[in-house]
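Okay, so here's the structure we're looking at.
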Protein chains: 2
Amino acid sequence: MGLTKSHIFTEDQNTLADIFRTLAHPGRIAILQHISKQQGCICNDIVEEIGLAQPTISQHLKELKHMGLIEGEISGKKVCYCINTARWTEIQALINNFLLRTESNCC
Amino acid sequence: MGLTKSHIFTEDQNTLADIFRTLAHPGRIAILQHISKQQGCICNDIVEEIGLAQPTISQHLKELKHMGLIEGEISGKKVCYCINTARWTEIQALINNFLLRTESNCC
DNA sequence: TTGTTATATTGCAATATTACGATAATAAAT
DNA sequence: ATTTATTATCGTAATATTGCAATATAACAA
């Protein structure tokens with residue numbers, strides 16, 4: 001069918017899956033790593049850096065923004081993106097919690 | 001196009017994305033949590049526990065096995081699945097490393 | 001053997017994702 | 001006002017994912 005049956009799972013399970021889905025693309029991983037490497041905020045030389053077309057990058061940035069992983073600040077005709085550290089820490093905790101809880105009680 | 005341009009990214013970026021993709025489904029999250037909740041290994045009442053059809057669960061188990069997250073041991077006509085703790089720890093380290101490195105150097 | 005139970009595989013329909021050309025929107029520069 | 005540069009959105013083609021019915025496979029039981 002191609003349609004995930006979200007309603008049969010818990011909110012936590014769906015949230016985790018959504019977070020993982022947002023990170024489940026090498027391009028988005030690369031974007032996050034590139035943004036975090038810069039000292040301050042960094043504008044869209046991302047397109048130059050990564051070998052994807054501008055609309056594609058824009059779409060990936062939108063998804064990362066939607067999950068709250070990054071924030072974009074308009075500065076003239078450019079947009080400066082940076083990691084949303086508060087949200088990042090939150091997501092880090094959610095993922096770690098899942099990984100730790102799942103490992104324990106195992107055979 | 002629908003085809004991820006894996007070749008333009010590093011091996012690490014692709015590996016991470018693959019790991020995240022494997023975890024990017026609430027059903028697979030639920031399966032992992034269910035398996036880990038049991039004391040020993042657990043056989044396929046997973047289908048009963050989670051509200052998906054048997055072929056669907058089988059397919060998800062296959063993906064989890066393929067990524068090395070779980071292992072299946074045949075015991076008669078049943079198969080007992082359990083978390084591959086060594087691999088789990090490895091993946092945990094990869095994810096944590098990514099999350100920690102990306103957070104630093106941020107604006 | 002025949003039947004039963006447990007799991008895997010196949011095939012297919014429906015939806016989701018990825019990618020990008022074309023185009024729009026916005027802001028600075030001339 | 002016109003041009004130029006930067007980013008976002010729309011539309012669309014191609015591939016991927018999800019889910020399940022039908023079927024296959026394998027092991028035990030009667």
Side-chain angles (χ1 to χ4, degrees), chain A residues 1-9 13-14 17-32 34-35 41-67 70-82, chain B residues 1-9 13-14 16-32 34-35 38 41-67 70-82:
Chain A
M1 272 199 234
L3 175 137
T4 299
K5 287 188 158 180
S6 311
H7 61 281
I8 68 172
F9 303 108
Q13 287 164 344
N14 282 309
D18 286 341
I19 291 169
F20 285 132
R21 201 180 354 257
T22 304
L23 297 170
H25 191 285
R28 290 194 288 275
I29 300 279
I31 289 171
L32 290 167
H34 183 65
I35 290 178
C41 287
I42 204 254
C43 305
N44 247 12
D45 46 20
I46 300 176
V47 177
E48 309 271 311
E49 186 71 15
I50 298 166
L52 292 172
Q54 180 269 321
T56 309
I57 295 290
S58 193
Q59 195 175 294
H60 283 310
L61 287 169
K62 194 177 174 183
E63 283 177 71
L64 293 170
K65 238 187 302 181
H66 183 255
M67 184 51 70
I70 62 173
E71 277 173 334
E73 196 187 323
I74 298 166
S75 132
K77 54 185 160 182
K78 300 193 175 186
V79 180
C80 293
Y81 285 101
C82 66
Chain B
M1 276 197 230
L3 175 137
T4 299
K5 287 186 160 180
S6 312
H7 61 281
I8 68 173
F9 304 108
Q13 288 164 344
N14 282 309
L16 264 174
D18 285 342
I19 292 169
F20 285 132
R21 200 177 359 254
T22 304
L23 296 170
H25 192 286
R28 290 194 287 274
I29 300 280
I31 289 172
L32 289 167
H34 183 65
I35 290 177
Q38 310 306 114
C41 286
I42 203 257
C43 305
N44 245 11
D45 46 23
I46 301 176
V47 178
E48 309 271 310
E49 187 71 14
I50 298 165
L52 292 171
Q54 180 269 321
T56 309
I57 296 289
S58 192
Q59 194 176 294
H60 284 310
L61 287 169
K62 194 177 173 181
E63 283 176 71
L64 293 170
K65 238 186 303 182
H66 184 255
M67 184 50 70
I70 63 173
E71 276 173 334
E73 195 186 325
I74 298 165
S75 132
K77 54 185 161 182
K78 300 195 176 186
V79 180
C80 293
Y81 284 102
C82 66

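Remember, predicted model here, so these are calculated numbers, not experimental data. So that the names make sense, note that chain A is the first sequence line, chain B the second, and so on, each numbered from 1. Below, each value reflects all heavy atoms present in this structure, side chains not excepted, and no hydrogens, waters or symmetry copies.
- For B/I74 and C/dT7, the CD1 to P distance is 11 Å, given to the nearest whole Å.
- B/I46 has its side chain within reach of B/I35: a pair of non-hydrogen atoms, C-beta onward, lies under 4.5 Å apart.
- Taking CD1 from B/I29 and CZ from A/F20, the interatomic distance works out to 5.0 Å, rounded to the nearest 0.5 Å.
- Mapping A/H60 and A/G76 onto DNA chain C via the closest heavy atom, the residue that lands nearer the 5' end is A/H60.
- The OH atom of B/Y81 lies 9.5 Å from the CD1 atom of B/I31; values are rounded to the nearest 0.5 Å.
- Rounded to an integer number of Å, the gap from CD of A/E63 to C1' of C/dT18 is 9 Å.
- Following rounding to the nearest Å, A/L64 (CG) and D/dT7 (P) show an atom-to-atom distance of 16 Å.
- Rounded to whole angstrom, the span from the NZ atom of A/K5 across to the C1' atom of C/dT15 amounts to 14 Å.
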Can you pull every protein N or O that's under 3.5 Å from an N or O on nucleotides 8-12 of chain C?
unit_1	atom_1	unit_2	atom_2	d
C/dA8	OP1	B/Y81	OH	2.6
C/dA8	OP2	B/S58	OG	3.0
C/dA8	N7	B/Q54	NE2	2.6
C/dA8	N6	B/Q54	OE1	2.9

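- A/R28 places no side-chain N or O within donor-acceptor distance of the main-chain N or O of A/L64, the cut-off being under 3.5 Å.
- In this structure, CZ of A/R21 is placed 16 Å from P of C/dT15, rounded to the nearest angstrom.
- Computed from coordinates, the A/I31 CD1 to D/dT7 P distance equals 13 Å when rounded to whole Å.
- Atom CD1 of A/I57 is separated from atom P of D/dA8 by 11 Å (rounded to the nearest Å).
- Between B/H34 and B/D45, the closest side-chain pair of non-hydrogen atoms falls below 4.5 Å.
- Remark: side-chain polar atoms of B/R21 are paired, donor with acceptor, to backbone N or O of A/A24 under 3.5 angstrom.
- Rounded to a whole Å, the NZ atom of A/K77 is 11 Å from the P atom of D/dT4.
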